[in-house]
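Take a look at the structure below.
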Amino acid sequence: MDLLLATGNKDKVKEITAKLAGLPYRVRTLDELAGAPEVVEDRDTLEGNAVKKAIEIAQFSGMLSLADDTGLIVPAIGGEPGVYSSRYAGEDATYADNVNKLAARMRDVPDRERSAYFECVIAIAYPDGVVGTAAGRVDGVILRAPRGEGGFGYDPLFYHEESGATFAEMSIRAKNKISHRALALDEAKKVLAALAHA
């Protein structure tokens, strides 16, 4: 059975594909399909965006589709960047642009108030509607300067205290055991396994 990943983000594709290994699905990506729509993420929650992406891509492709929306939430700055995480520094922002904006916003925040968490919501849909959602959350601290060369997005600033490292200092394998997306995918895999055996 085919499973289409409703994201154009190659870094997410790598993480998701690695995590889904072992399930009886042939993982497909949007770059295999000509004319895939650019889904506008205009919902005010991560779940709303994930559901919208999954349904629109499933309807376009006719395939079972999996979409995620992920946000970094920093309470000290009112929950920013939140649903705007991927475009925090503007519509065409690079990872570095977003990291630099967050670091600047956090410049005067004292160490004791630099807690943050990543949240990921995954939606799985057929063309006629959503069949399941899953969520994962991981807590950490925002550093004052980036550390590490791996990962993507805000990973160089996000320090996971239990691991003693930023997400950018971890291998994909290590990150895929503890990250917000990994936790959400663990739950999503249960939905996918049930569908495969239905």
Side-chain angles (χ1 to χ4, degrees), residues 5 7 9-22 41 43-50 66-90 93-123 133-191:
L5 303 186
T7 179
N9 183 316
K10 288 181 168 48
D11 294 309
K12 284 187 180 182
V13 167
K14 275 188 214 168
E15 282 191 5
I16 294 169
T17 302
K19 194 71 178 172
L20 295 181
E41 297 180 27
R43 301 297 190 257
D44 57 6
T45 65
L46 298 173
E47 182 174 2
N49 282 329
L66 181 151
D68 90 304
D69 199 29
T70 297
L72 175 64
I73 292 88
V74 185
I77 53 173
E80 294 178 19
V83 293
Y84 302 104
S85 292
S86 65
R87 53 193 186 280
Y88 190 42
T94 64
Y95 293 151
D97 293 337
N98 288 331
V99 164
N100 291 338
K101 179 174 179 177
L102 179 61
R105 286 280 285 132
M106 297 285 289
R107 187 172 292 124
D108 298 325
V109 176
D111 290 348
R112 67 183 178 278
E113 295 174 22
R114 298 179 73 86
S115 65
Y117 61 92
F118 271 120
E119 187 172 3
C120 175
V121 179
I122 288 173
T133 60
R137 169 180 165 159
V138 64
D139 292 277
V141 172
I142 301 301
L143 297 182
R144 295 190 176 276
R147 272 177 31 188
E149 300 299 321
F152 62 96
Y154 298 94
D155 287 357
L157 283 181
F158 188 81
Y159 181 75
H160 187 252
E161 292 178 292
E162 289 175 38
S163 303
T166 67
F167 275 0
E169 293 174 307
M170 297 179 188
S171 66
I172 285 183
R173 185 178 182 134
K175 184 183 170 188
N176 259 352
K177 290 180 180 173
I178 61 164
S179 78
H180 48 295
R181 188 169 293 106
L183 295 172
L185 282 166
D186 283 339
E187 293 303 309
K189 282 171 75 173
K190 297 174 187 175
V191 177

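Predicted, not measured: the structure shown is a model, and the values here were computed from it.
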Between the main-chain N or O of Gly82 and the side-chain N or O of Ser85, is there a donor-acceptor pair closer than 3.5 Å?
-> yes
Which heavy atom of Gly136 sits nearest a heavy atom of Ala184, and at what distance?
-> N-CB, 3.6 Å
Atom pair OG1/CG of Thr94 and Asp97 - distance to nearest 0.5 Å = 3.0 Å
Got a second to check how far Ser179's OG is from Met170's CE, nearest 0.5 Å?
-> 9.0 Å
Which atom pair, heavy atoms only, marks the closest approach of Asn176 to Ala18?
-> ND2-CB, 3.7 Å
On a heavy-atom basis, the closest approach of Lys101 and Tyr88 is NZ-O, 3.0 Å
Can you tell me how far OH of Tyr84 sits from CG of Leu72, rounded to the nearest 0.5 angstrom?
-> 15.5 Å
By ring-ring contact (aromatic ring centres under 6.0 Å, His included) - contacts of Tyr159 (at least two apart) = none
For the student: nearest non-hydrogen atoms of Cys120 and Asp68, plus distance | SG-OD2, 3.6 Å
From Arg144 CZ over to Leu157 CG, what is the distance, rounded to the nearest 0.5 angstrom?
-> 11.5 Å
Partners meeting ring-ring contact (aromatic ring centres under 6.0 Å, His included) with Tyr117 (sequence neighbours left out) = none
Note, Leu102 side chain near Val99 side chain (heavy atom, < 4.5 Å) | no
Backbone of Met106 reached by a side-chain donor or acceptor of Arg114 within 3.5 Å | yes
Assign the ring pair Phe118 / His180 to parallel, tilted or perpendicular, where the plane angle (0 to 90°) is split at 30° and 60°.
-> parallel
Are Ile73 and Glu119 close enough that some pair of their side-chain heavy atoms sits under 4.5 Å apart?
-> yes
Non-neighbouring partners of Asp44 that pass side chain to side chain contact (heavy atoms under 4.5 Å, CB included), sequence neighbours left out = none
Under 3.5 Å, is there a donor-acceptor pair linking the side chains of Thr7 and Asn9?
-> no
Asp186 side-chain N/O to Leu183 backbone N/O, donor-acceptor pair under 3.5 Å | no
Gap between atom NZ of Lys19 and atom CZ of Arg173 - 0.5 Å precision | 10.5 Å
For the side chain of Thr166 and the backbone of Arg147, is there at least one donor-acceptor N/O pair under 3.5 Å apart?
-> yes
Taking Glu113 for its side chain and Pro110 for its backbone only, find out whether a donor-acceptor pair lies under 3.5 Å.
-> no
Indicate yes or no for a side-chain donor-acceptor contact from Asp155 to the backbone of Phe152 under 3.5 Å, with no hydrogens or angles considered.
-> yes
Which residues satisfy the salt bridge (charged side-chain N to carboxylate O under 4.0 Å, His left out) test with Glu80, sequence neighbours excluded?
-> Arg105
Looking only at heavy atoms, the pair that brings Ala50 and Ala67 closest together is O-CB, 3.5 Å
Which residues satisfy the side chain to side chain contact (heavy atoms under 4.5 Å, CB included) test with Ala188, sequence neighbours excluded?
-> Ile122, Ile124, Ala134
Identify whether the distance between the nearest side-chain nitrogen and carboxylate oxygen of Asp69 and Arg43 falls below 4.0 Å.
-> no
Could you tell me whether the side chain of Asn98 and the main chain of Ser86 form a donor-acceptor pair under 3.5 Å?
-> yes
Below 4.0 angstrom, N of the basic side chain to O of the carboxylate: do Lys12 and Glu15 qualify?
-> no
Please report the shortest heavy-atom distance between Pro75 and Ser115, naming the atom on each side.
-> CD-O, 3.4 Å
Those residues at least two apart in sequence (or on a different chain) that pass side chain to side chain contact (heavy atoms under 4.5 Å, CB included) with Thr45 are Glu47
